[in-house]
Amino acid sequence: MSQLMIEKTEEFVKEKLKDESSGHDWYHIYRVKKLAEKIAEQEGADHFICVMAALLHDIADEKIAGTEEKGLKEVKSWLESIALESQYIEQIISIISTMSFKGGNQSAMQTLEGQVVQDADRLDAIGAIGIGRTFAYSGAKGQLMYDPEIPVREKMTKDQYRNEKSTAVNHFYEKLLKLKDTMNTASAKKLANERHAFLESFLEQFFGEWEGKQ
């Protein structure tokens, strides 16, 4: 039963995000799902809850749904349509509604399953793929690759994080380089160290080329 629900949910999400070009496409979901499965196994978390939350987490994202409230309503409607028990729906909605970065203003995850899915999502934001997604998202938002005249924002509200002018490279300092220290599980921390090192290496090369030194 649960496997059929997972398969149906995969089809639903794939159809919903098939034309998404901002780095929040089906393949992002697929990678987060695979990472969540791997971390859940290593940490002893509930496989079904982790997979379902991983699959649906961006359906409720305001970047996709318009508003978080609208997105969460759509997730709830979908879970009810496949006859998932209410206790599981509540757990999945709770995870999805508290896992986003939102400028670093979010509260800590309360369950192991929530920690696993949050870690999986944040791992996909760093490393080589994280770099690619950052430039894809910035392009989709009409932001510049880099402009030395636009300062890195040290502190910001959720609204500022979403809507103020920034650049792809600034996003490294405003979010990506902070993610390593926000990982919840031991499994994710190890993977994050490797991916974080790649971010630092990329930035060193980027600024060397920008300044004409390399």
Side-chain angles (χ1 to χ4, degrees), residues 17-39 42 54 57-58 61-64 99-106 109 115-214:
L17 299 180
K18 64 180 181 181
D19 297 321
E20 176 58 41
S21 62
S22 72
H24 298 83
D25 56 7
W26 161 248
Y27 292 105
H28 162 63
I29 301 296
Y30 175 78
R31 291 189 303 270
V32 172
K33 175 197 168 226
K34 298 298 284 185
L35 280 166
E37 287 180 313
K38 179 179 179 180
I39 298 168
Q42 292 172 341
H57 78 276
D58 270 347
D61 194 301
E62 59 198 48
K63 294 187 290 295
I64 307 298
M99 66 182 280
S100 180
F101 184 72
K102 294 178 182 171
N105 300 305
Q106 196 54 283
M109 275 291 180
Q115 291 175 353
V116 166
V117 181
Q118 186 177 63
D119 283 354
D121 187 40
R122 291 182 173 181
L123 282 168
D124 202 56
I126 56 179
I129 284 176
I131 291 169
R133 290 181 65 220
T134 295
F135 286 100
Y137 182 71
S138 292
K141 292 280 284 183
Q143 293 182 342
L144 296 173
M145 176 177 74
Y146 179 57
D147 181 348
E149 300 297 316
I150 300 176
V152 172
R153 299 166 296 178
E154 295 301 326
K155 288 187 177 180
M156 56 198 138
T157 65
K158 173 186 160 186
D159 186 60
Q160 288 172 323
Y161 173 68
R162 287 277 190 253
N163 300 310
E164 271 187 356
K165 188 175 182 181
S166 190
T167 70
V169 170
N170 281 16
H171 190 63
F172 282 70
Y173 297 96
E174 293 170 354
K175 177 181 177 181
L176 306 192
L177 291 168
K178 297 177 179 179
L179 292 179
K180 174 175 72 75
D181 294 330
T182 70
M183 295 295 159
N184 302 290
T185 64
S187 308
K189 285 174 182 174
K190 183 176 183 300
L191 291 169
N193 284 333
E194 297 165 7
R195 296 187 183 206
H196 183 88
F198 192 83
L199 294 181
E200 293 181 321
S201 175
F202 171 83
L203 287 170
E204 184 179 349
Q205 180 72 19
F206 179 91
F207 284 113
E209 292 180 14
W210 183 272
E211 293 161 9
K213 295 177 181 176
Q214 291 173 323

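Worth knowing before you read on, the calculation uses all heavy atoms, side chains too, and leaves out hydrogens, waters and symmetry mates. The model shown is predicted, which means the values in this text are computed figures rather than measured ones.
Without hydrogens or angle criteria, R122 side chain to M183 main chain gives no donor-acceptor distance under 3.5 Å. D119 places no side-chain N or O within 3.5 Å of a backbone atom of A188 that could act as its donor or acceptor partner. In this structure, T182 contributes its side chain and L179 its backbone to a donor-acceptor pair below 3.5 Å. Looking only at distances, a side-chain donor or acceptor of S138 sits under 3.5 Å from a matching main-chain atom of T134.
The closest side-chain donor-acceptor pair between H28 and H57 falls under 3.5 angstrom.
Remark: aromatic rings of Y137 and H171 are distant, center separation not under 6.0 Å.
Side-chain contact between D121 and M99: present, with at least one pair of heavy atoms (C-beta onward) separated by less than 4.5 Å. At a threshold of 4.5 Å between non-hydrogen side-chain atoms, the residues F135 and M145 count as touching. Within the 4.5 Å cutoff, side-chain heavy atoms of L191 are placed close to those of K38. Side-chain contact between H24 and L17: absent, with no pair of heavy atoms (C-beta onward) separated by less than 4.5 Å. Using a 4.5 Å cut-off on side-chain heavy atoms (C-beta onward), V152 and E154 make contact. Residues E204 and E200 have side chains not in contact (no heavy-atom distance under 4.5 Å, counting atoms from C-beta outward).
For the atom pair K189 NZ and I39 CD1, the distance stands at 12.0 Å (nearest 0.5 Å). Distance check, rounded to the nearest 0.5 Å: CG of L123 to NE2 of H196 gives 13.0 Å. Annotation: the span from K34 atom NZ to R31 atom CZ amounts to 13.0 Å, rounded to 0.5 Å.
Atom OH of Y30 is surrounded by 12 or fewer heavy atoms from other residues, nucleotides or ligands within 6.0 Å.
Considering every non-hydrogen atom in both V32 and A120, the closest pair reads O-CB, 3.5 Å. Between G127 and F198, the shortest heavy-atom contact is C-CD2, 4.0 Å. Annotation for T167 and D147: closest pair CG2-N, 3.7 Å, computed over non-hydrogen atoms. The shortest heavy-atom contact between K178 and Y173 is CE-O, 3.5 Å. Minimum interatomic distance between N170 and I150 (heavy atoms only, all atoms of both residues): ND2-O, 3.0 Å.
Results of the side-chain hydrogen bond (donor to acceptor under 3.5 Å, both in side chains) test with S166 over Q143, K141, E174 single out E174 as the only residue that passes.
By the 30° and 60° cut-offs, the orientation of the rings of F202 relative to F172 is parallel.
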